[in-house]
Amino acid sequence: MVYLKNETLQLINVAHKIMKNEFELIHNYLEENESLYKGIQLYFSPLQKADILFIGINPGIGYFKSNNKNVKRFNPLDKFEYNGQKYYLAKQTNKLFKELNLGLTFSKSVKINHFPYDTATVNDLNKLLEKHKEQLKLYKTAKNFVLETILEVEPKLIICEGKSSFDRLKKYFEVESIEYNDDTYVFKTENFVAIGYKRNLSHIKNKSQLKEKIQKYYTSKS
């Protein structure tokens, strides 16, 4: 994939409008017909050019627990969610990037998920996807969302928050890994390096190895 410029960006803006319309239809249907569905959140940061893009699997159930209702949020946030957050994955990730002297770059990151649908567990997400994938084209819409976000953000480093996030992104770009270890994974394109890590719920399994890969493939090239 080569990043696109000028008039092509206008086409991306049109694609964003189409995509949001598709997510609106998906949201309306699932809200009425699927008890596993707890809402939709597209972005966990501003949507802007950024060196670093984080991609998780799905948002979880935090909003529903806090507000006792489903969420519907299509617009970007005013600031990157991991800035100042106290939940464990955010704290770990923030600390790791500060230790790499990348705190300022990290603070301007963009974050999304492969699937923007809130569910209580990943198992519930998988049930939802399998049940409605044909009727709602959930996999196709999710893929388009991720690829359009990458085009707009133009990241140099993509952090895949979990093995399944990495494997899915690698499949989209039809490339081979240059590293695929027990706890970390790496592939490269002409535009960015993608680094994934094994996680146990909100715990990064091997933080030292993840730091090593970021230093090797991103920090040393910056």
Side-chain angles (χ1 to χ4, degrees), residues 1-5 8-9 11-13 15-20 23 39-60 62-63 71-85 87 89-98 100-118 141-162 164-166 168-170 172-173 185-197 199 202 204 210 213-214 217-219 221-222:
M1 176 187 290
V2 177
Y3 291 140
L4 304 175
K5 303 294 183 181
T8 312
L9 292 176
L11 297 178
I12 294 175
N13 291 333
H16 272 306
K17 291 179 182 179
I18 294 172
M19 178 188 66
K20 286 186 178 181
F23 279 132
I40 185 168
Q41 302 181 77
L42 296 188
Y43 307 102
F44 290 82
S45 67
L47 181 59
Q48 60 194 7
K49 299 287 189 293
D51 261 26
I52 305 173
L53 171 65
F54 287 84
I55 305 179
I57 284 296
N58 83 311
Y63 184 95
V71 59
K72 176 186 174 184
R73 194 182 73 224
F74 291 161
N75 292 328
L77 298 181
D78 292 331
K79 65 178 183 177
F80 178 37
E81 186 187 62
Y82 284 179
N83 289 335
Q85 287 288 342
Y87 63 88
L89 182 60
K91 288 172 64 177
Q92 281 186 103
T93 309
N94 201 324
K95 181 181 178 183
L96 186 149
F97 275 86
K98 285 182 177 177
L100 289 166
N101 295 316
L102 292 170
L104 180 60
T105 304
F106 170 80
S107 70
K108 299 177 181 178
S109 298
V110 172
K111 175 171 166 56
I112 60 170
N113 291 285
H114 280 285
F115 302 100
Y117 316 116
D118 291 43
T141 305
K143 178 180 178 179
N144 290 342
F145 169 60
V146 169
L147 295 181
E148 287 170 16
T149 301
I150 291 172
L151 278 172
E152 185 154 351
V153 174
E154 299 187 2
K156 297 177 183 175
L157 170 65
I158 297 179
I159 297 293
C160 297
E161 299 179 301
S164 60
S165 174
F166 178 87
R168 184 167 295 280
L169 190 67
K170 182 167 70 77
Y172 290 167
F173 283 88
Y185 329 98
V186 184
F187 78 79
K188 293 178 71 175
T189 73
E190 62 184 284
N191 295 306
F192 63 81
V193 59
I195 300 175
Y197 61 82
R199 59 186 283 190
S202 292
I204 301 171
L210 176 58
K213 301 311 174 191
I214 294 171
Y217 291 103
Y218 173 70
T219 309
K221 310 296 183 184
S222 299

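These numbers come from the heavy atoms of this one structure, side chains and all, not from hydrogens, waters or symmetry mates. Source: prediction; values computed, not measured. Numbers here simply count residues along the sequence, with the first being 1.
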Engineer: Of all the heavy-atom pairs spanning Phe44 and Pro59, show the shortest one and how long it is.
Structural biologist: CZ-CB, 3.7 Å
Engineer: With sequence neighbours left out, what residues match Tyr87 under side chain to side chain donor-acceptor pair (under 3.5 Å)?
Structural biologist: Glu81
Engineer: Roughly how far apart are Ser165 OG and Asn113 CG, rounded to 0.5 Å?
Structural biologist: 8.0 Å
Engineer: Output all residues satisfying ring-ring contact (aromatic ring centres under 6.0 Å, His included) with Phe97, sequence neighbours left out; order by chain, then residue number.
Structural biologist: Phe54, Phe106
Engineer: Taking side chain as C-beta onward, heavy atoms only, is Ile204 less than 4.5 Å from Leu89?
Structural biologist: yes
Engineer: Where do Val146 and His114 land on the side-chain contact (heavy atoms from CB on, under 4.5 Å) test, with the steps shown first?
Structural biologist: CA-CA 6 Å; Val146 169; His114 280 285; 3.8 Å; yes
Engineer: Considering non-hydrogen atoms only, spot the tightest contact between Phe145 and Thr149 and give its length.
Structural biologist: O-OG1, 2.8 Å
Engineer: Given side chains that start at C-beta, do those of Phe23 and Pro116 come closer than 4.5 Å, heavy atoms only?
Structural biologist: yes
Engineer: Could you pull out all residues at least two apart from Lys108 that satisfy side-chain contact (heavy atoms from CB on, under 4.5 Å)?
Structural biologist: Gln48, Leu104
Engineer: Apply ring-ring contact (aromatic ring centres under 6.0 Å, His included) to Tyr197 and list each qualifying residue two or more places apart in sequence or on a separate chain.
Structural biologist: none
Engineer: Would you check if Val193 and Val186 make a side-chain contact, meaning some heavy-atom pair closer than 4.5 Å?
Structural biologist: yes
Engineer: Report the distance from atom CG of Leu102 to atom CG of Asn94, rounding to the nearest 0.5 Å.
Structural biologist: 11.5 Å
Engineer: To the closest 0.5 Å, what do you measure between CD1 (Ile158) and NZ (Lys188)?
Structural biologist: 13.5 Å
Engineer: Using the rule ring pair (Phe, Tyr, Trp, His ring centres under 6.0 Å), only one of Tyr217, Tyr218, Phe173 pairs with Phe192; which is it?
Structural biologist: Phe173
Engineer: Start with the C-alpha distance between Ile195 and Leu210, add both sets of side-chain angles, then the distance that settles side-chain contact (heavy atoms from CB on, under 4.5 Å), and finish with yes or no.
Structural biologist: CA-CA 8 Å; Ile195 300 175; Leu210 176 58; 3.7 Å; yes
Engineer: Taking all atoms of both residues into account, what is the closest heavy-atom pair of Pro46 and Phe80, and its distance?
Structural biologist: CD-N, 3.5 Å
Engineer: With Asp118, which residues qualify under side chain to side chain donor-acceptor pair (under 3.5 Å), at least two apart?
Structural biologist: Gln41
Engineer: Please round to the nearest 0.5 Å and tell me the distance separating atom CZ of Arg168 and atom CD1 of Ile57.
Structural biologist: 6.0 Å
Engineer: Measure the spacing between CG of Leu47 and CD of Glu148 and express it to the nearest 0.5 Å.
Structural biologist: 10.5 Å
Engineer: For the residue pair Leu169 and Ile150, what are the closest heavy atoms and their distance?
Structural biologist: CD1-CD1, 3.9 Å
Engineer: Show the numbers, then the answer: is there a side-chain contact (heavy atoms from CB on, under 4.5 Å) between Ile214 and Ile159?
Structural biologist: CA-CA 9 Å; Ile214 294 171; Ile159 297 293; 4.0 Å; yes
Engineer: Specify the closest pair of heavy atoms between Ser45 and Pro76, including all atoms of both residues, with the distance to one decimal.
Structural biologist: O-CB, 3.3 Å
Engineer: If only atom types and distance count, is the side chain of Lys49 paired as donor or acceptor with the main-chain N or O of Glu152 below 3.5 Å?
Structural biologist: yes
Engineer: What are the two closest heavy atoms between Ile40 and Tyr117, and how far apart are they?
Structural biologist: CD1-CE2, 4.0 Å
Engineer: Kindly compute the distance separating CZ (Arg199) from OG (Ser164), expressed to the nearest 0.5 Å.
Structural biologist: 8.5 Å
Engineer: Can you name the residues that form a side-chain contact (heavy atoms from CB on, under 4.5 Å) with Ala50, not counting sequence neighbours?
Structural biologist: Val110, Val153
